[in-house]
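Take a look at the structure below.
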Amino acid sequence: MQIGIDLGGTKIEGIALGRDGRELARHRCRTPRGDYAGTIAAIGRVVGALEHDTGAAGTVGIAIPGAVSQETGLIKNANSTWLIGKSLHSDLEHHLAREVRIANDANCFALSEAIDGAGAGADVVFGVIVGTGTGGGIVVRGQVLRGRHSIAGEWGHNPLPWPDESEQPGPTCYCGRRGCIETFLSGPALANDCVMPDGVTRTPEEIVAAAAGGDPLAAAALRRYVQRMAKALASVINVLDPDVIVVGGGLSNIDHIYRSVPGLWAPYIFSDVARTPLLKARYGDSSGVRGAAWLWPATSQPS
Ligand SMILES: [Zn+2]
């Protein structure tokens with residue numbers, strides 16, 4: 001049995017998977033925000049509850065909103081800031097009395113979709129998360145490609161390629177730069193790009209609904225959005241040339257993306273044909289927690 005834990009900013013989700021990927025049990029609790037020791041203890045309780053329900057011991061993989069620095073072994077790049085600089089990996093191994101695998105949540109998402117999700121069977125999968133932010137992960141033949149600095153696949157803080165004049169220098173990003181892909185493709189970015197004449201901002205869902213209803217402002221914002229996604233993904237295809245691209249996160253529910261983007265990216269792709277499938281995530285919100293469980297391959301299971 002494999003246990004996956006998705007350590008989020010608001011909740012800790014835990015899942016127990018059988019070797020065949022079947023969900024055996026699930027538990028969740030609120031994340032003790034700002035409380036590091038409380039976070040460790042809460043993860044321990046979720047693992048305990050899953051093992052109680054299934055009556056078996058499991059391997060444990062954890063998806064975190066950040067990365068473990070290969071220089072220091074400490075957490076970096078986490079928006080759950082109380083984890084930054086902590087030795088989460090060794091503290092969890094001590095608390096759970098076993099070896100634990102930890103990976104960035106976007107990498108876990110990509111792994112889940114590569115193992116038995118929308119990208120199953122593909123050699124190279126690029127997993128994209130477009131939601132509050134814009135993340136990404138790369139899986140090659142069932143293995144997460146972590147990278148020397150644990151940032152492989154993090155395309156969100158590259159500048160938007162082939163920008164129009166109106167897209168330069170672009171919005172300010174929290175990373176300190178301007179015009180990052182995230183400032184064009186995240187949910188807040190889409191909302192900010194479609195402000196009504198009266199100053200009212202709409203959510204991405206409202207923009208999609210308004211565009212479908214013929215609202216010209218919303219339709220124009222959505223056209224800009226898919227054009228920008230096409231340019232941003234074309235530059236990924238030019239570097240990585242993945243066999244499939246899988247989209248997750250809140251904005252992955254915009255079906256317009258899958259119909260439009262592959263028709264727009266060809267002019268930017270250095271190839272006579274551009275046939276990369278662009279697919280919606282199969283497991284939706286569960287991809288992170290499933291991918292965490294898959295950090296331990298089913299073939300290595302003791303039980
Ligand atoms: Zn940035």
Side-chain angles (χ1 to χ4, degrees), residues 7-10 63-72 74-85 103-110 126-138 144-195 201 203-204 207 221-222 224-240 242 245-252 254 257 261 264-265 268 278 281 288:
L7 172 54
T10 55
I64 59 164
V68 176
S69 165
Q70 291 176 56
E71 298 286 319
T72 63
L74 308 179
I75 301 296
K76 65 173 184 178
N77 295 359
N79 54 12
S80 298
T81 49
W82 66 96
L83 302 176
I84 291 177
N104 172 261
D105 48 13
N107 288 353
C108 288
F109 161 76
F126 184 60
V128 170
I129 296 187
V130 275
T132 320
T134 301
I138 299 166
V144 169
L145 187 72
R146 192 171 57 167
R148 182 172 183 135
H149 306 97
S150 307
I151 58 167
E154 290 295 347
W155 66 320
H157 297 279
N158 281 346
L160 182 74
W162 303 285
D164 298 339
E165 255 176 51
S166 65
E167 292 163 343
Q168 290 175 300
T172 305
C173 185
Y174 75 87
C175 76
R177 289 175 274 267
R178 298 192 67 164
C180 290
I181 286 169
E182 176 164 312
T183 69
F184 292 103
L185 294 189
S186 69
L190 175 57
N192 288 335
D193 193 40
C194 188
V195 178
T201 307
T203 66
I207 292 168
L222 209 52
R224 287 191 294 273
Y225 185 83
V226 291
Q227 182 67 42
R228 289 161 178 169
M229 182 176 277
K231 290 194 278 195
L233 286 176
S235 73
V236 171
I237 292 171
N238 285 338
V239 174
L240 183 66
I245 298 174
V246 183
V247 186
L251 273 63
S252 69
I254 303 176
I257 288 174
V261 171
L264 295 169
W265 63 25
Y268 308 102
L278 181 68

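Both counts, for ligands and for their atoms, begin at 1 and track the order of listing.
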Quiz prompt | Atoms (protein N, O or S; no water) under 2.8 Å from the Zn ion (ligand 1) | solution = 4

Quiz item: Of the options Val246, Ile257, Leu251, Leu233, which is the one that meets Val128 in a side-chain contact (heavy atoms from CB on, under 4.5 Å)?
Solution: Leu233

Quiz item: With sequence neighbours left out, which residue pairs that include part of residues 150-163 fulfil the salt bridge (Lys or Arg N to Asp or Glu O under 4.0 Å) condition?
Solution: none

Quiz item: Any Lys/Arg nitrogen of Arg228 or Asp164 sitting under 4.0 Å from an Asp/Glu carboxylate oxygen of the other?
Solution: no

Quiz item: Can you name the ring-ring contact (aromatic ring centres under 6.0 Å, His included) partners of Trp155, sequence neighbours left out?
Solution: Phe126

Quiz prompt | With Gln227 via side chain to side chain donor-acceptor pair (under 3.5 Å) - residues at least two apart | solution = Tyr268

Quiz item: Is Glu71 salt-bridged to Lys76, going by a charged N under 4.0 Å from an acidic O?
Solution: no

